[in-house]
Amino acid sequence: SPTATSRYVNVEGTLQAIQGDLFVIEGASAEQQIKIQVGKDTAFPNGQKELGQPINALVSAQDGHALIIR
């Protein structure tokens with residue numbers, strides 16, 4: 001089953017846009033725009049992010065859901 005091994009990727013870049021529950025990130029490790037899904041279980045240890053701020057996100061490779069956004 002795909003849940004047997006949980007694989008996560010680190011995404012770094014700048015927050016370009018917020019579209020509903022999606023954060024659009026560009027730059028750094030994100031060579032093109034990457035959309036990551038933010039949900040109730042996404043942790044923001046340094047507080048919410050604003051447009052133009054740098055972002056470091058731990059994202060599930062399976063569905064693009066963000067676990068932690070710093």
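Hydrogens, waters and symmetry mates are skipped; everything else that's a heavy atom, side chains included, is used.
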Looking at every non-hydrogen atom in both residues, tell me the closest pair between [X] and [Y] and how far apart they are.
X: L15; Y: K49; answer: CD2-CB, 3.9 Å
X: I68; Y: R70; answer: CG2-NH1, 3.7 Å
X: A57; Y: I69; answer: CB-CG1, 4.0 Å

Would you say the side chain of [Y] lies within less than 4.5 Å of the side chain of [X], judging by non-hydrogen atoms?
X: Y8; Y: V59; result: no
X: I34; Y: F23; result: no
X: I36; Y: T42; result: no
X: V38; Y: L22; result: no

To the nearest 0.5 angstrom, please state how far the [atom1] atom of [X] sits from the [atom2] atom of [Y].
X: Q48; Y: E50; atom1: CD; atom2: CD; result: 9.5 Å
X: Q33; Y: T14; atom1: CD; atom2: OG1; result: 11.5 Å
X: Q32; Y: I25; atom1: CD; atom2: CD1; result: 12.5 Å
X: E26; Y: Q16; atom1: CD; atom2: CD; result: 4.5 Å

Using the rule that Ile, Leu, Val, Met, Phe, Trp and Tyr join whenever any side-chain heavy atoms are under 4.5 Å apart, tell me whether V24 and L51 fall into a single cluster.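 Looking at the clustering, L51 is in a separate group from V24.
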Would you say the side-chain atoms of S60 pair up with the backbone N or O of Q62, donor to acceptor, closer than 3.5 Å?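 Checked: pair present.
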